[in-house]
Amino acid sequence: QVQLVESGGGLVQAGGSLRLSCAASGLTFSSYSMAWFRQVPGEEREFVAAISWTASSTYYADSVKGRFTISRDNAKNTVFLQMNSLKPEDTAVYYCAAGRVTRSFTTRDGYVYWGQGTQVTVSS
């Protein structure tokens, strides 16, 4: 049974930082590309960042480029999202996703496993 468990969310002031973690189990982690998406109530779930299974390639939404960094530790079956210079518009539930994605990293279609989400709230 595949499980993705996010942690690290919380309340932070604008300009602050948070580091999200996603621990994976039940799959060959090093064979899966990993991504972070986020969702605000009433809106579509949107792409934030992705990293290929080899960690050789990373992808970011324009809205977070230069502020967020995705990384992975295949030895610990964990993917991270370092979020700096946070803005109130970054407030959302953040979801971790896994899939055997080799292209179209920024769309939801290729990701087959999803975590339960962690809330990030940025106050102004």
Side-chain angles (χ1 to χ4, degrees):
Q1 180 182 355
V2 175
Q3 282 193 313
L4 302 178
V5 180
E6 300 99 334
S7 61
L11 174 64
V12 64
Q13 288 190 331
S17 298
L18 283 174
R19 189 192 196 205
L20 304 184
S21 299
C22 172
S25 61
L27 77 170
T28 305
F29 182 75
S30 59
S31 297
Y32 282 78
S33 296
M34 302 297 295
W36 290 94
F37 288 75
R38 66 187 182 188
Q39 189 169 22
V40 175
E43 297 185 11
E44 292 287 318
R45 192 170 297 186
E46 67 171 5
F47 169 77
V48 176
I51 186 166
S52 63
W53 59 280
T54 62
S56 60
S57 300
T58 56
Y59 307 84
Y60 297 95
D62 287 344
S63 59
V64 307
K65 205 170 290 184
R67 300 188 297 122
F68 291 10
T69 303
I70 189 170
S71 62
R72 65 189 297 158
D73 184 339
N74 284 351
K76 296 182 178 180
N77 288 2
T78 303
V79 63
F80 305 97
L81 185 67
Q82 178 66 44
M83 305 186 295
N84 298 329
S85 302
L86 282 161
K87 305 175 181 180
E89 51 264 44
D90 294 318
T91 296
V93 176
Y94 283 70
Y95 296 90
C96 173
R100 292 184 182 271
V101 178
T102 57
R103 55 182 176 179
S104 302
F105 285 84
T106 64
T107 61
R108 296 174 56 180
D109 296 349
Y111 297 97
V112 296
Y113 301 114
W114 293 82
Q116 81 289 348
T118 185
Q119 177 70 47
V120 171
T121 303
V122 184
S123 63
S124 56

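Numbering of residues begins at 1 and proceeds along the displayed sequence.
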Please list, chain by chain and in numerical order, all residues satisfying ring-ring contact (aromatic ring centres under 6.0 Å, His included) with [X], sequence neighbours excluded.
| X | value |
| --- | --- |
| Tyr60 | none |
| Tyr59 | Phe105 |
| Trp53 | none |
| Phe29 | none |

How would you list, by chain and number, every residue that makes a side chain to side chain donor-acceptor pair (under 3.5 Å) with [X], sequence neighbours excluded?
| X | value |
| --- | --- |
| Gln116 | Glu6 |
| Tyr94 | Arg38 |
| Thr121 | Gln119 |
| Asn84 | Ser17, Gln82 |

Could you state the interatomic distance from [atom1] ([X]) to [atom2] ([Y]), rounded to the nearest 0.5 Å?
| X | Y | atom1 | atom2 | answer |
| --- | --- | --- | --- | --- |
| Ser7 | Leu20 | OG | CG | 8.0 Å |
| Leu81 | Thr118 | CG | OG1 | 11.0 Å |
| Met83 | Arg19 | CE | CZ | 11.5 Å |

Linked, directly or transitively: Val122 and Leu18 (ILVMFWY side chains, under 4.5 Å): yes
same_hphob_cluster(Val48, Trp114) at 4.5 Å side-chain heavy-atom cutoff: no
For a quick test of reading the model, state the closest non-hydrogen atom pair linking [X] to [Y] and the distance between them.
| X | Y | result |
| --- | --- | --- |
| Ala92 | Val40 | CB-CG2, 3.9 Å |
| Val12 | Leu86 | CG1-CD1, 3.6 Å |
| Thr78 | Ser21 | CG2-CB, 4.3 Å |

Stepwise side-chain contact (heavy atoms from CB on, under 4.5 Å) check, Trp36 with Phe68: CA-CA 11 Å; Trp36 290 94; Phe68 291 10; over 6 Å; no
Salt bridge (Lys or Arg N to Asp or Glu O under 4.0 Å) pairs, two or more places apart, involving residues 64-86: Asp62-Lys65, Arg67-Asp90
Salt bridge (Lys or Arg N to Asp or Glu O under 4.0 Å) contacts touching residues 95-118 (sequence neighbours left out): none
Close side-chain approach of Leu4 and Met34, heavy atoms under 4.5 Å: yes
Side chain to side chain, Ile70 and Val79, heavy atoms closer than 4.5 Å: yes
Qualifying disulfide (SG to SG under 2.5 Å) pairs, either residue in residues 20-124, two or more places apart: Cys22-Cys96
By side-chain contact (heavy atoms from CB on, under 4.5 Å) - contacts of Val112 (at least two apart): none
Aromatic ring pairing Phe37/Tyr111, orientation class (parallel under 30°, perpendicular over 60°, tilted between): perpendicular
Under 3.5 Å donor-acceptor, Ser52 side chain and Ser57 backbone: yes
